[in-house]
J.: 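Below is a structure I'd like to ask you about.
Residue indices begin at 1 and follow the sequence shown.
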Amino acid sequence: RSLPSEETLPKVIELLSKGATEAGVRIQTIFPQRSFESAADTAKKEGATGAADSLKALYKEIPIQIDAIAGFHQLGTFLSHVESNAQAMELKSVRISGNPKDPQLHDVKLVLRVYFSGSKAKR
């Protein structure tokens with residue numbers, strides 16, 4: 001019940017963008033990594049799932065990829081903001097590489113796993 005519906009995805013992206021700006025992280029791109037399956041395919045999968053997969057119908061994970069430029073302190077501040085947010089999400093992966101244009105900044109690629117209520121969740 002405490003997980004928001006998937007319709008709030010644009011608000012989550014806006015929240016991440018605002019948190020990055022406040023932390024001094026310059027976002028280059030931010031987008032959800034969605035699979036493009038139809039509603040009929042999803043219904044077939046849900047009908048064919050076992051008991052272990054029935055929990056997956058209660059929530060849905062959507063990875064959000066963020067490509068940004070930041071210093072270590074700015075990145076840490078941003079991740080602290082993500083961790084303290086009420087929206088359920090976790091850091092799936094992070095890749096940091098040097099920025100040849102500015103040695104104090106780094107190219108950062110983050111993938112956050114954001115959780116939403118699933119199709120069988122009771123509201």
J.: Does any part of the side chain of M89, heavy atoms only, come nearer than 4.5 Å to the side chain of I64, both counted from C-beta?
T.: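 Heavy-atom side-chain distance check fails, nothing below 4.5 Å.
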J.: With S17, which residues qualify under side-chain contact (heavy atoms from CB on, under 4.5 Å), at least two apart?
T.: I13, I27, I30
J.: What distance do I62 atom CD1 and L9 atom CG have between them, rounded to the nearest 0.5 Å?
T.: 5.0 Å
J.: Is it the case that atom CD in Q28 sees more than 12 heavy atoms from other parts of the structure closer than 6.0 Å?
T.: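 It does: Q28 CD has more than 12 such atoms within range.
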J.: Kindly write out the residues that satisfy side-chain contact (heavy atoms from CB on, under 4.5 Å) with F72, not counting sequence neighbours, or none if the list is empty.
T.: I96, H106
J.: Using the salt bridge (charged side-chain N to carboxylate O under 4.0 Å, His left out) rule, collect all pairs that involve residues 87-101, keeping only residues at least two apart or in two chains.
T.: E90-R113
J.: Once salt bridge (charged side-chain N to carboxylate O under 4.0 Å, His left out) is applied, do any residues pair with E22, and if so which ones, sequence neighbours excluded?
T.: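 So E22 forms no salt bridge (charged side-chain N to carboxylate O under 4.0 Å, His left out) with any residue.
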J.: If the condition is side-chain contact (heavy atoms from CB on, under 4.5 Å), which residues does D107 pass it with, not counting sequence neighbours?
T.: I69, S97, N99
J.: Is there any ring pair (Phe, Tyr, Trp, His ring centres under 6.0 Å) pair reaching into residues 77-100, and which pairs are they, with sequence neighbours excluded?
T.: none
J.: Check S5 against S117 and note the closest heavy-atom contact, atom names and distance.
T.: CA-OG, 3.5 Å
J.: Among all residues two or more places apart in sequence or in another chain, which pass the side chain to side chain donor-acceptor pair (under 3.5 Å) test with E83?
T.: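 E83 satisfies side chain to side chain donor-acceptor pair (under 3.5 Å) with no other residue.
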J.: Is L91 reachable from V114 through a run of I, L, V, M, F, W or Y residues, each pair having side-chain heavy atoms under 4.5 Å apart?
T.: yes
J.: About how many Å separate CG of L15 and CG of N85, when rounded to the nearest 0.5 Å?
T.: 4.5 Å
J.: Any link between V94 and L79 through a network of hydrophobic side chains (Ile, Leu, Val, Met, Phe, Trp, Tyr) touching at under 4.5 Å?
T.: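 Linked within one cluster.
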J.: Which heavy atom of Q87 sits nearest a heavy atom of Y115, and at what distance?
T.: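 For Q87 and Y115, the tightest heavy-atom pair comes out as NE2-O, 2.8 Å.
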J.: According to the side-chain hydrogen bond (donor to acceptor under 3.5 Å, both in side chains) rule, which pairs have a member within residues 67-76, sequence neighbours left out?
T.: T29-D67, Q65-D67
J.: Could you tell me which non-hydrogen atom of L105 sits nearest to which non-hydrogen atom of G71, and how far apart they are?
T.: CD2-N, 3.7 Å
